[in-house]
Colleague: 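Handing you a structure now.
As a basis for the values below, the full set of heavy atoms in this structure was taken, side chains included, without hydrogen atoms, waters or symmetry mates. We're numbering straight along the sequence, starting at 1.
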Amino acid sequence: MDITLARTFLEIVAAGSFVRAAESLHVTQTAVSARVRTLEELLGTTLFVRNKAGATLTPAGEQFTRYASMLVQVWERARHQVALPPGRESVMTIGCELSLWDPLLLDWLLWMRTSAPHLALRTEVGFPADLIDRVASGTLDVAVVYAPQQRPGLRIELLLEEKLVLVTTRKRGQKLDPEDYVYVDWGPEFAAQHALAFPEMGHAGVSAGLGPLGREYVLAAGGSGYFRLAVVRKHLESGKLRRIRGAPEFLYPAYAVFAEGADMSVVAPALEGLRHAIGAGEQ
């Protein structure tokens, strides 16, 4: 079967409509409809019911979702295995959310180099939705993200429950000062909790879309902000940063996402390496 048909099917499931799937795939809606007709003819059943709101799965379509995901994942795995570097038995491809990669990916690579030398390693950094899509399509083995949404054919495992803590470079003053506060975008859940805790801090003078960028800015220019505890611990110990007493803390868990039918001989060492890297980062 043409893998393109399975990819198109999964894109419609994710997008909720033929129109949005066509836009994501950069093809015409006519092409998407033709692919679905071909797929339904091959399977001998109807997969979608189209309506004004978009497209919904039939019972047969719901059953096929898992198999379509497995088909794409197996194909991508086979494609990657064909191009193995010399001396490697398999390829492990991991993607990490922008706010979580530092220093996790480097620690993971160092551990994998000595503990799983039979694996060729490929790393990427990106946005969570894109990473989850890549796992579903089989082009990523594991994605490390903050708040994954459950999708058919994917498994989600908690890696750690980290805290976001309010720290400052000021030697005096144990209250949040709007003049030097740097707002770091840790995602919509953090934004909602932050707004409840600090309704007067709706517009910070400096905002950073990346945790590492905000942290380095505060260290260089001075100020305060919310950062992952494990990452700023060494700065707290050295005295470069101080925690603001009584400030609310926010949970920032990290999850590993991988396919239900994943090759665990490849995924299991990667998960072990992630847990080791997280443990090393917390020391």
Side-chain angles (χ1 to χ4, degrees), residues 1-16 18 20-28 31-48 55 57-58 60-96 112 116 118-145 148-157 256-271:
M1 190 190 73
D2 187 349
I3 295 298
T4 302
L5 301 183
R7 291 188 191 280
T8 302
F9 171 84
L10 291 172
E11 188 60 42
I12 297 170
V13 174
F18 283 45
R20 288 192 291 271
E23 293 173 351
S24 298
L25 295 169
H26 304 291
V27 298
T28 65
V32 169
S33 298
R35 292 175 186 178
V36 171
R37 284 196 301 271
T38 300
L39 182 58
E40 290 177 332
E41 290 172 2
L42 288 170
L43 295 172
T45 187
T46 301
L47 300 174
F48 292 102
L57 289 168
T58 64
E62 293 178 356
Q63 289 289 328
F64 183 65
T65 300
R66 178 183 178 187
Y67 296 104
S69 179
M70 291 174 62
L71 283 168
V72 173
Q73 290 160 7
V74 169
W75 168 253
E76 289 298 331
R77 168 61 57 185
R79 191 170 65 84
H80 287 157
Q81 297 297 338
V82 170
L84 274 176
R88 305 301 171 97
E89 298 176 6
S90 190
V91 179
M92 157 52 59
T93 304
I94 188 171
C96 197
M112 293 291 287
H118 62 290
L119 295 177
L121 306 175
R122 297 173 182 170
T123 61
E124 298 182 19
V125 176
F127 295 101
D130 294 335
L131 296 176
I132 298 299
D133 286 343
R134 296 282 306 282
V135 174
S137 68
T139 57
L140 274 183
D141 293 301
V142 177
V144 181
V145 295
Q149 293 184 343
Q150 185 66 58
R151 288 177 57 172
L154 299 183
R155 288 178 57 184
I156 299 174
E157 288 192 9
V257 183
F258 53 96
E260 288 182 349
D263 182 353
M264 294 308 295
S265 67
V266 173
V267 171
L271 296 178

Colleague: Would you call D141 and I94 a side-chain contact if the rule is heavy atoms closer than 4.5 Å?
Modeller: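 The answer is no, as the side chains (C-beta and beyond) never meet within the 4.5 Å cut-off.
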Colleague: With a 4.0 Å cut-off on N to O distance, would you call E11 and R20 a salt bridge?
Modeller: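 Salt bridge absent between E11 and R20.
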Colleague: From the options D133, I156, L10, select the one residue that forms a side-chain contact (heavy atoms from CB on, under 4.5 Å) with R151.
Modeller: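 Of D133, I156, L10, side-chain contact (heavy atoms from CB on, under 4.5 Å) with R151 is met by D133 alone.
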Colleague: Is it the case that atom CD in Q149 sees more than 12 heavy atoms from other parts of the structure closer than 6.0 Å?
Modeller: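 Atom CD in Q149 is not packed in, count stays at 12 or less.
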Colleague: Apply the test side chain to side chain contact (heavy atoms under 4.5 Å, CB included) to residues V135 and V142: give CA-CA distance (whole Å), side-chain angles for both, the deciding distance (0.1 Å), then the verdict.
Modeller: CA-CA 7 Å; V135 174; V142 177; over 6 Å; no
Colleague: Applying side chain to side chain contact (heavy atoms under 4.5 Å, CB included) to V27 and T8, what does each step give before you reach the verdict?
Modeller: CA-CA 10 Å; V27 298; T8 302; over 6 Å; no
Colleague: Looking at A6 and A68, what are the two nearest heavy atoms and their distance?
Modeller: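 Shortest heavy-atom contact: CB-O, 4.1 Å.
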Colleague: For the residue pair P148 and V257, what are the closest heavy atoms and their distance?
Modeller: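 That closest heavy-atom pairing would be CB-CG2, 3.8 Å.
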Colleague: Flag the pair T58 / Q63 as yes when at least one side-chain heavy-atom distance between them is below 4.5 Å, and no otherwise.
Modeller: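 Not in contact.
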Colleague: Taking the side chain as C-beta and beyond, is there a heavy-atom pair between L119 and R88 under 4.5 Å?
Modeller: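 They are not in contact (no side-chain heavy atoms under 4.5 Å apart), so the answer is no.
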Colleague: What's the shortest heavy-atom distance between G95 and L140, and which atoms?
Modeller: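 Closest approach of G95 to L140, heavy atoms only: N-CD2, 3.8 Å.
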Colleague: Working to the nearest 0.5 Å, report the span between CG of L57 and OG1 of T46.
Modeller: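 Nearest 0.5 Å value for the CG-OG1 distance: 12.0 Å.
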Colleague: Roughly how far, to the nearest 0.5 Å, is CD of E124 from SG of C96?
Modeller: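 It is 11.5 Å, given to the nearest 0.5 Å.
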Colleague: Can you give me the closest heavy-atom contact between L47 and E40, atom names plus distance?
Modeller: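 Closest approach of L47 to E40: N-OE2, 2.8 Å.
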Colleague: Counting distance only, does the side-chain N/O of Q150 pair as donor-acceptor with the main-chain N or O of L154 below 3.5 Å?
Modeller: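 Yes; at least one donor-acceptor contact below 3.5 Å.
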Colleague: Do you see a donor-acceptor pair shorter than 3.5 Å between the side chains of T93 and R122?
Modeller: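 No.
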Colleague: If we only count heavy atoms from C-beta on, is the W75 to M70 side-chain gap below 4.5 Å?
Modeller: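 The answer is no, as the side chains (C-beta and beyond) never meet within the 4.5 Å cut-off.
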Colleague: Between G126 and L131, what is the shortest heavy-atom contact and its length?
Modeller: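 That would be O-CD1, 3.8 Å.
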Colleague: If we ignore hydrogens and angles and just use 3.5 Å, is the side chain of T139 paired with the main-chain N or O of R134 as donor and acceptor?
Modeller: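 Yes, because the side chain of T139 sits within donor-acceptor range (under 3.5 Å) of the backbone of R134.
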Colleague: Okay, side chain of T65, backbone of G61: is any donor-acceptor separation there less than 3.5 Å?
Modeller: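 At least one qualifying donor-acceptor pair exists.
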Colleague: Considering all heavy atoms of both residues, which atom of I12 and which atom of A55 are nearest to each other, and what is their separation?
Modeller: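 Shortest heavy-atom separation between I12 and A55 comes out as CG2-CB, 4.2 Å.
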Colleague: Using the six-membered ring wherever Trp is involved, compare the ring planes of F64 and F9 and label them parallel, tilted or perpendicular (cut-offs 30° and 60°).
Modeller: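 Geometry flag for F9 against F64: perpendicular rings.
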Colleague: If I take atom OG from residue S69 and atom CZ from residue R7, how far apart are they, to the nearest 0.5 angstrom?
Modeller: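 The OG atom of S69 sits 10.5 Å away from the CZ atom of R7.
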